[in-house]
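Just below is one structure, and these are the notes that go with it.
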Amino acid sequence: MATERYNPKAAEPRWQAVWDENKLFETRNDAPGEKYYVLEMFPYPSGRIHMGHVRNYAMGDVVARFKRARGHNVLHPMGWDAFGMPAENAAMQNKVHPREWTYANIATMRAQLKSMGLSLDWSREFATCDVDYYHRQQMLFLDLLEKGLAYRRKSKVNWDPVDNTVLANEQVIDGRGWRSGAPVEQRELTQWFFTITEFAEDLLSALDHLPEWPEKVRLMQRNWIGRSEGLLVRWRLDAANKPADIDEVEVFTTRPDTLFGASFVAVAPDHPLSKAAAAGNPKLAAFVEEARRGGTSAAEIETAEKKGFDTGLRAVHPLDPNWTVPVYVANFVLMDYGTGAIFGCPAHDQRDLDFARKYALPVVPVVLPEGADAATFDVGTEAFTGEGTLFHSRFLDGLTPDEGFDAVAKRLEDTDLSGRPQAKRQVNFRLRDWGVSRQRYWGCPIPVLHCEACGVVPEARENLPVRLPDDIDFEKPGNPLDRHPTWRQATCPQCGGPALRETDTMDTFVDSSWYFARFTSPHAAGPTDPQIANAWLPVNQYIGGIEHAILHLLYSRFFTRAMRATGHLDLDEPFKGLFTQGMVVHETYRDGSEWVVPADVSITEADGARTATRLSTGGQIAIGSIEKMSKSKKNVVDPDDIIASYGADTARWFMLSDSPPDRDVIWTEAGVEGAHRFVQRLWRVVSEAAPHLAGAAEAPSDDPAATALRKAAHRAAAGVTDDIERLAFNKAVARLYELVNALAGPFASLDTAAPEARAAAREAATILVRLVAPMMPHLAEECWQALGETGLCAAAPWPVAEPALLRDDEVTLPVQINGKKRGDLTVPAGADKAAIEAEALALDFVQAALGGQAPKRVVVVPGRIINVVV
RNA sequence: GCGGGCGUGGCGAAACGGUAGACGCAGCGGACUCAAAAUCCGCCGUAGCAAUACGUGUCGGUUCGAGUCCGACCGCCCGCACCA
């Protein structure tokens with residue numbers, strides 16, 4: 001009997017409407033069931049969704065639907081990371097207000113997401129540019145300010161000359177702005193900062209307690225935080241020619257054990273000592289000036305030649321008052337790491353060695369590699385940084401570097417030259433405070449005022465929100481808030497006098513650092529309802545791209561701690577489980593120098609060679625490498641097109657099949673068609689069987705055919721459950737193909753089957769449909785209905801496998817001779833080793849291999865294998 | 001340079017130390033059809049008619065047994081990189 005083909009175009013909107021009407025995915029905070037919070041990184045409303053979104057949200061939706069079916073109270077919200085530069089760029093290019101542009105994009109993208117049939121709670125939706133949201137963010141800012149977690153200081157900043165704004169260190173990639181790609185310059189500005197460094201130690205050590213995070217991400221964060229243990233050591237300046245008001249220079253070192261190999265001290269160009277020394281030395285002043293300016297771009301700094309200038313000053317060795325070393329100003333010493341001063345031990349640090357060779361400074365090895373001869377050991381052009389034994393080091397001789405570290409620390413901590421210890425242990429971090437000031441319009445205004453009388457004053461809470469003005473112009477570069485005629489004018493909440501508003505807005509990474517908390521009570525008067533937020537958080541499963549491994553995830557971890565400090569949350573870690581999915585990649589096509597979109601390309605295959613024809617011209621074009629879908633290479637496939645021609649279920653299924661979710665998936669037309677074939681096949685198998693299942697008996701019988709069906713279904717249930725639990729969607733997909741393959745034959749002959757066999761078939765069909773439902777929810781509803789099941793499949797409980805059906809009565813074991821498989825042996829499931837061994841040894845081919853001899857050894861692993869060693 | 005990951009058919013990939021290649025894509029053969037599409041059945045690592053042999057980047061090791069564990073090397077991908 002032929003059935004109608006499944007028509008997703010009709011079915012998908014219909015089921016989406018039914019779910020909506022039933023408010024199936026609206027989550028009540030007090031609903032029964034263990035809470036489970038699934039979250040995918042919310043999108044930036046750039047205009048349209050792309051395949052990366054489809055993959056991300058398909059995965060999250062599988063988890064959400066699965067957990068819901070398992071009886072959890074699932075929170076699965078969606079919102080918009082809506083502030084940011086592209087809206088301003090659009091405003092400049094198209095004369096459209098950023099707000100209009102943003103909300104129009106949101107409307108488009110919301111409709112696209114809805115067409116995917118995601119089980120989202122849209123009642124909790126918000127955009128970070130909603131006044132409601134940034135109002136709460138301003139409250140948070142004032143709380144942070146009050147607690148000393150936000151502060152203002154003058155600092156060198158990364159200035160993006162194209163976007164005309166400041167960038168955080170994290171936003172500078174290879175010396176270029178992460179968004180504009182322009183070489184970043186260094187400028188000095190007064191900026192707002194969050195004290196992320198206060199939490200450095202905790203942010204680092206807590207990584208050890210995030211077992212459900214990818215090791216890769218934890219490692220990247222560890223490196224970013226960059227903890228190093230060292231010693232602060234004060235070097236007195238030789239009294240002979242020191243500057244009047246500076247007596248000493250403090251250096252930070254992680255290798256105090258190599259102090260006896262010291263041959264110079266170097267300070268940063270910005271160091272007070274540089275300035276003092278340059279005062280009476282025009283040449284030095286010129287060097288300092290050049291070094292400070294020298295290469296404003298970070299890229300230049302990295303490749304810049306390492307240069308120094310001898311100040312003529314001498315520093316006294318902390319362990320020998322009669323030993324002095326020259327003090328240099330060096331362009332590679334950074335003022336904002338450690339103390340801005342180092343001592344150089346050329347033998348055991350490559351950079352110091354290069355420097356010493358260049359300026360003819362002594363190179364004295366003090367760590368002897370194992371096996372080397374103390375009398376002859378010398379470093380050539382390569383510094384020795386390995387383990388060994390200290391020598392040429394007086395009281396440290398014979399110690400290991402670690403022991404030497406401790407010995408020096410002890411000696412200098414105790415030494416008391418001027419009423420203070422000469423050194424102290426210190427832990428330094430590479431992590432810097434998070435600069436959040438942005439000189440942009442389309443962001444959350446920083447709610448402070450500048451009063452001539454009172455200085456920087458927080459806006460009064462009753463005056464919040466500080467709203468963005470609507471009437472702005474983007475005719476000129478720079479920050480439109482700065483030149484707004486009236487917006488800046490305000491009243492000082494302290495003295496009542498006139499004050500000017502801060503015109504910096506917050507980095508958009510602030511917006512995304514707490515949105516997951518806001519979702520738990522999106523209408524709360526404060527930033528969160530702490531009780532509700534604490535009940536939902538941490539997010540059980542967070543899913544997004546690896547590109548956020550440092551920025552967004554580190555900021556969110558900090559913000560969660562900051563929100564704890566300000567009483568809005570009571571936890572440290574926002575995301576218990578993190579999954580970073582791979583990208584969607586596609587072949588590229590090129591017509592001469594022009595990239596061609598896949599929709600304009602037809603691929604033909606003959607004799608293993610593939611040729612591409614451009615549809616619009618009929619000409620043959622080149623097939624290029626497989627790359628991340630991007631507008632620049634035009635290798636993008638629009639999700640709308642796919643959904644229109646195949647349906648959302650096909651797109652979802654394809655995204656989940658084939659590639660493991662953490663790896664890149666290659667989007668191919670053939671793959672999508674394969675996925676769609678399965679959609680139709682599943683529909684055919686179920687819908688053609690359905691009429692025969694209506695009259696099924698209540699209980700399945702235990703005849704072999706019925707049991708085989710039941711076993712197949714229950715095994716798949718156990719396997720798919722396990723796979724989804726581990727986010728191995730590709731394996732779950734494979735298992736479902738297997739199940740359908742196993743059911744198709746028996747289902748085709750149901751018209752002659754006994755009622756009991758039909759009962760087994762019915763059970764298998766309902767299990768199959770429910771297993772498929774998280775991935776292809778519309779098709780599942782359609783099948784569910786065809787099977788005559790009541791209620792919605794999306795509300796049906798997850799199938800539970802019966803353990804009895806997962807066991808076999810008999811097992812077939814491979815029999816190996818000397819580790820090579822030579823045959824099989826079928827034994828009862830519970831057979832003991834001795835019985836199996838006896839049976840195996842009686843096999844013809846085993847006897848033949850033995851040739852009358854006794855086996856050297858027989859390995860029997862019940863349920864696994866038999867290996868006869870002859 | 002440092003750190004991490006990965007190398008398995010034509011392709012995407014499976015495989016608690018236990019039958020390598022499940023499942024899908026592509027391909028090949030057949031059925032149905034006037035024909036095509038769709039669908040169904042079968043084949044599909046290499047060599048060989050076959051029995052069989054050889055096969056998980058290379059070389060070595062551990063083991064009754066290695067894609068999996070250990071060592072060395074080769075290649076690719078990703079992250080970080082004046083951090084004292």
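Just so it is clear: chains get the letters A, B, ... in the order the sequence lines come, proteins before strands, and each one is counted from 1. Keep in mind it's a predicted model, so treat the numbers as computed, not measured. Keep in mind that the numbers below use all heavy atoms, side chains included, and drop hydrogens, waters and symmetry copies.
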Rounded to whole Å, please give me the gap between NZ in A/K856 and P in B/U63. 15 Å
Hey, would you say the A/Y646 and A/W653 ring centroids sit under 6.0 Å apart? no
Taken to the nearest whole Å, CE/A/M220 to C1'/B/G5 is 12 Å
Of A/T254 and A/N818, the one whose closest RNA chain B nucleotide lies more 5': A/N818
What is the nucleic acid contact for A/V333, judged by heavy atoms within less than 4.0 Å: base, sugar-phosphate only, or nothing? base
Once the angle between the rings of A/W683 and A/Y6 is folded into 0 to 90°, is it parallel (under 30°), tilted (30 to 60°) or perpendicular (over 60°)? tilted
Can you figure out which of B/G3, B/A84, B/C40 approaches the side chain of A/L219 most closely? B/G3
Assess the pair A/F654 and A/H676: is the distance between their ring centroids shorter than 6.0 Å? no
When every nucleotide of nucleotides 17-24 of chain B is labelled 5' to 3' by its protein contacts under 4.0 Å (heavy atoms), B for base, S for sugar-phosphate only, - for none, what sequence of letters results? -BB--BSS
Above 12 or not: heavy atoms from other molecules or residues under 6.0 Å from CG of A/D844? no
A quick test of your reading: do over 12 heavy atoms of other residues, nucleotides or ligands sit less than 6.0 Å from NZ of A/K856? no
Under 3.5 Å for both donor-acceptor distances, Watson-Crick or wobble: does B/G21 have a partner, and if so which one? none
Same-atom distance (C1') from B/C25 to B/G21, integer angstrom: 15 Å
Using Watson-Crick or G-U wobble geometry with both distances under 3.5 Å, which nucleotide pairs with B/C80? B/G1
For B/C40, the nucleotide meeting Watson-Crick or G-U wobble distances (both under 3.5 Å) is B/G30
Determine which nucleotide pairs with B/G65, using a 3.5 Å limit on both distances of a Watson-Crick or G-U wobble pair. none
Nearest 0.5 Å, what's the CD-CG distance between A/E387 and A/D402? 6.0 Å
What is the minimum heavy-atom distance between A/R681 and A/A744, and which atoms define it? NH2-CB, 4.0 Å
Which word best sums up how the rings of A/F264 and A/F355 line up, parallel for under 30°, tilted for 30 to 60°, or perpendicular for over 60°? tilted
Looking only at side-chain atoms of A/P660, point me to the closest of B/U39, B/A84, B/A14. B/A14
Can a side chain N or O of A/R684 be found less than 4.0 Å away from OP1 or OP2 on B/A38? no
Please confirm whether the shortest side-chain N or O distance from A/R857 to OP1 or OP2 of B/C64 is below 4.0 Å. yes
Anti or syn, where syn is a glycosidic angle within 90° of 0; which label fits B/G5? anti
Just the table, please: protein N/O against nucleotides 66-70 of chain B N/O, every pair under 3.5 Å.
none

Closest to the side chain of A/R663, out of B/C40, B/A84, B/A13, is B/A13
Looking at the side chain of A/F332, which of B/C82, B/C25, B/A84 is the nearest nucleotide? B/C82
Under a 3.5 Å limit for both distances, which nucleotide forms a Watson-Crick or G-U wobble pair with B/G7, could you say? B/C74
Donor-acceptor pair under 3.5 Å, A/R432 side chain vs B/C83 base: yes
CD1 of A/I546 to CE of A/M583, rounded to nearest 0.5 Å, is 10.5 Å
Given B/C83, B/A13, B/C54, which nucleotide is nearest the side-chain atoms of A/K820? B/C54
Intermediate values then yes/no, side chain to side chain contact (heavy atoms under 4.5 Å, CB included), A/L554 and A/I225: CA-CA 9 Å; A/L554 188 59; A/I225 296 168; 4.2 Å; yes
Once you round it to whole Å, what is the distance between C1' of B/C83 and CZ of A/F355? 17 Å
Would you indicate, yes or no, if B/C83 has its OP1 or OP2 atom less than 4.0 angstrom from a side-chain nitrogen or oxygen of A/R227? no
Start at the 5' end of RNA chain B and walk down; is the nucleotide closest to A/M335 or to A/V665 reached first? A/V665
Strand partner of B/U46, provided both Watson-Crick or wobble distances fall under 3.5 Å: B/A53
